[in-house]
Amino acid sequence: MEFVEFIKTPMVNSVILRRPLTVNMEGTLCVTGHHLIISSRSGKQEELWLLHSNVDSVEKKLTGSGGVMTLKCKDFLIFHLDFQLAEDCINVSASVEALSNIDNNTLSYPFFYRPMFTIQENGWHAYQPETELNRFKDCSEDWRISYVNQNFEVCPSYPQAVFVPKSIDDETIKKAASFRHGGRFPVLVYCHKHTKAVMMRSGQPLTGPSGKRCKEDERLVNSVMGMGKRGYIVDTRTPGMAKMAQNKGGGCELDAHYPQWRKIHQPIERRHTFHDSLIKMIEGIYN
């Protein structure tokens, strides 16, 4: 696939850019594979480089022989572009709309970006698991780094290196992962320096309607608790939703097998509720 297939008009002169709280700018508009660029070429005003992937919607309005293209962006910015010719407005609008809706991730800008400076450090190595664990020296005596998820074989949504209790071997972790939704076995995400209290995260257990259990998972979860200590399992679903999930193969930790833990339900809204709220907020901004 070539980006040129989507670009009907690559360059237009005498385009006026209008945006809130900014002086209007007249300049040349260029459509590239990843950016919409507007430059006054006067040196007095900065260029506008707008990623197509940041465009949420494209609207056009023809006015006589010309036209206005309105770009509403995902960061809530709004740009108005005035064209002298209606044909240019139609072509650029169609180009931006097509380029902003390409689903192939390998065609996105990060795969094409070439820095104009010398890279001093490999960003993939900026945060090393060993260094991060050393930040919690008071907790490191009870935890270790496990590479059980090397090549993402155990859990595709976890990193390759995770923090797990020292007393738990990798074979136990693999079996516990098979008992958790998506393979998301319990891993350390936070450790308090002074109290050594920890926070872990995991997917729901696959207890199912018959109340299945996994001794390896029980051992992993219960190993965090010392003698006489208690912890909380926070379920972000309502009891009703958790019950429905159990009937479909999911479920909750059974109290009898996790005796040092108290389960509490602290439901959060599902993603469609947040999406509806975002839509209403955007409508309020645009109106």
*Looking at Glu153 and Asn149, what are the two nearest heavy atoms and their distance?*
N-OD1, 3.6 Å
*Output, in order, the C-alpha distance, side-chain angles, deciding distance and verdict of side chain to side chain contact (heavy atoms under 4.5 Å, CB included) for Leu81 and Leu36.*
CA-CA 11 Å; Leu81 299 172; Leu36 184 72; 3.9 Å; yes
*Output the distance between atom OG (Ser57) and atom CG (Asn101), rounded to the nearest 0.5 Å.*
10.5 Å
*Step by step, would you call Asp169 with Thr172 a side-chain hydrogen bond (donor to acceptor under 3.5 Å, both in side chains)?*
CA-CA 6 Å; Asp169 58 63; Thr172 299; 3.0 Å; yes
*Once the angle between the rings of His34 and Phe112 is folded into 0 to 90°, is it parallel (under 30°), tilted (30 to 60°) or perpendicular (over 60°)?*
tilted
*What do you reckon, is CG of Asp103 surrounded by more than 12 foreign heavy atoms closer than 6.0 Å?*
no
_For the CD atom on Gln160, are there more than 12 heavy atoms of other groups (residues, nucleotides or ligands in this structure) within a distance under 6.0 Å?_
yes
*asked:* Please say yes or no: joined through hydrophobic side-chain contacts below 4.5 Å, possibly via intermediate residues, are Ile173 and Tyr258 part of one cluster?
replied: no
*Should we count CD of Gln128 as having more than 12 external heavy atoms under 6.0 Å?*
yes
*asked:* Do Val162 and Ile145 sit in one hydrophobic cluster, given that two such residues count as connected whenever their side-chain heavy atoms are within less than 4.5 Å of each other, even indirectly?
replied: no
*Interatomic spacing from CD in Gln204 to CE in Met241 - rounded to 0.5 Å*: 10.0 Å
*Picking from Tyr147, Phe185, Phe152, what satisfies ring pair (Phe, Tyr, Trp, His ring centres under 6.0 Å) with Tyr158?*
Phe185
*Ignoring hydrogens and angles, state whether a donor on the side chain of Thr273 or Asp276 is under 3.5 Å from an acceptor on the partner side chain.*
no
*Would you say Gln84 and Ser65 make side-chain contact, with heavy atoms under 4.5 Å?*
no
_Would you say that Arg201 contacts Val187 through its side chain, given a criterion of any heavy-atom pair below 4.5 Å between the two side chains?_
yes
*asked:* Tell me whether the count of non-hydrogen atoms from other residues, nucleotides or ligands lying under 6.0 Å of CD1 in Ile119 goes above 12.
replied: no
*Closest heavy-atom pair and its distance - Thr207, Cys252*: CG2-O, 3.2 Å
*Out of Arg180, Arg213, Arg262, Lys212, which residue meets the salt bridge (charged side-chain N to carboxylate O under 4.0 Å, His left out) rule with Glu253?*
Arg180
*Residues in salt bridge (charged side-chain N to carboxylate O under 4.0 Å, His left out) with Lys263, at least two apart?*
Asp255
_Nearest 0.5 Å, please: how far is OH in Tyr109 from CG in Asn54?_
13.5 Å
_Smallest separation among heavy atoms of Ala245 and Arg237, with atom names_ = CB-NH1, 3.4 Å
*Return yes if some donor-acceptor pair links the side-chain N/O of His192 with the main-chain N/O of Met199 below 3.5 Å, else return no.*
no
*Answer yes or no: is there an ion pair linking Glu171 with Lys174, defined by an N-O contact shorter than 4.0 Å?*
yes
*Atom CZ in Arg230, atom CH2 in Trp261: separation rounded to 0.5 Å?*
10.5 Å
_Single-linkage hydrophobic cluster Val31~Val68, side-chain heavy atoms < 4.5 angstrom_ = no
*Is there a side chain to side chain contact (heavy atoms under 4.5 Å, CB included) between Leu278 and Met281 once you walk through the steps?*
CA-CA 5 Å; Leu278 177 62; Met281 183 180 73; 3.7 Å; yes
*Might you point out which heavy atoms bring Val224 and Met200 nearest each other, and give the distance in Å?*
CG2-SD, 3.4 Å
*asked:* Rounded to the nearest 0.5 Å, what separates atom OG in Ser93 from atom NZ in Lys8?
replied: 10.0 Å
*Taking all non-hydrogen atoms of both residues into account, name the closest pair between Pro165 and Leu220 and its distance.*
CD-CD1, 3.7 Å
*Treating Ile, Leu, Val, Met, Phe, Trp and Tyr as nodes and any side-chain heavy-atom pair under 4.5 angstrom as an edge, say whether Phe6 and Leu51 lie in one connected cluster.*
no
*Looking only at heavy atoms, which two atoms of Arg184 and Cys155 are closest? And how far apart?*
CG-SG, 3.5 Å
*side chain to side chain contact (heavy atoms under 4.5 Å, CB included) evaluation trace for Ile16 with Glu26*: CA-CA 4 Å; Ile16 298 177; Glu26 181 177 351; 4.2 Å; yes
*Do Asn222 and Met225 come close enough that some side-chain heavy atom pair is under 4.5 Å?*
no
_Contact between Leu99 and Glu97 at the side-chain level, heavy atoms closer than 4.5 Å - yes or no?_
no
*Phe83 and Val15: side chain to side chain contact (heavy atoms under 4.5 Å, CB included), yes or no, with the steps?*
CA-CA 5 Å; Phe83 294 84; Val15 175; 3.9 Å; yes
*Measure the spacing between CG of Asp82 and CG of Leu17 and express it to the nearest 0.5 Å.*
9.0 Å
*What residue among Thr28, Leu29, Asp88 forms side-chain contact (heavy atoms from CB on, under 4.5 Å) with Asn13?*
Thr28
*Are Phe111 and Phe3 joined in one hydrophobic group, where the rule is that I, L, V, M, F, W and Y side chains link up if heavy atoms are under 4.5 Å apart?*
yes
*asked:* What I'd like to find out is whether the side chain of Pro186 reaches to under 4.5 Å of the side chain of Asp217, using heavy atoms alone.
replied: yes
*Does OH belonging to Tyr113 count more than 12 external heavy atoms closer than 6.0 Å?*
yes
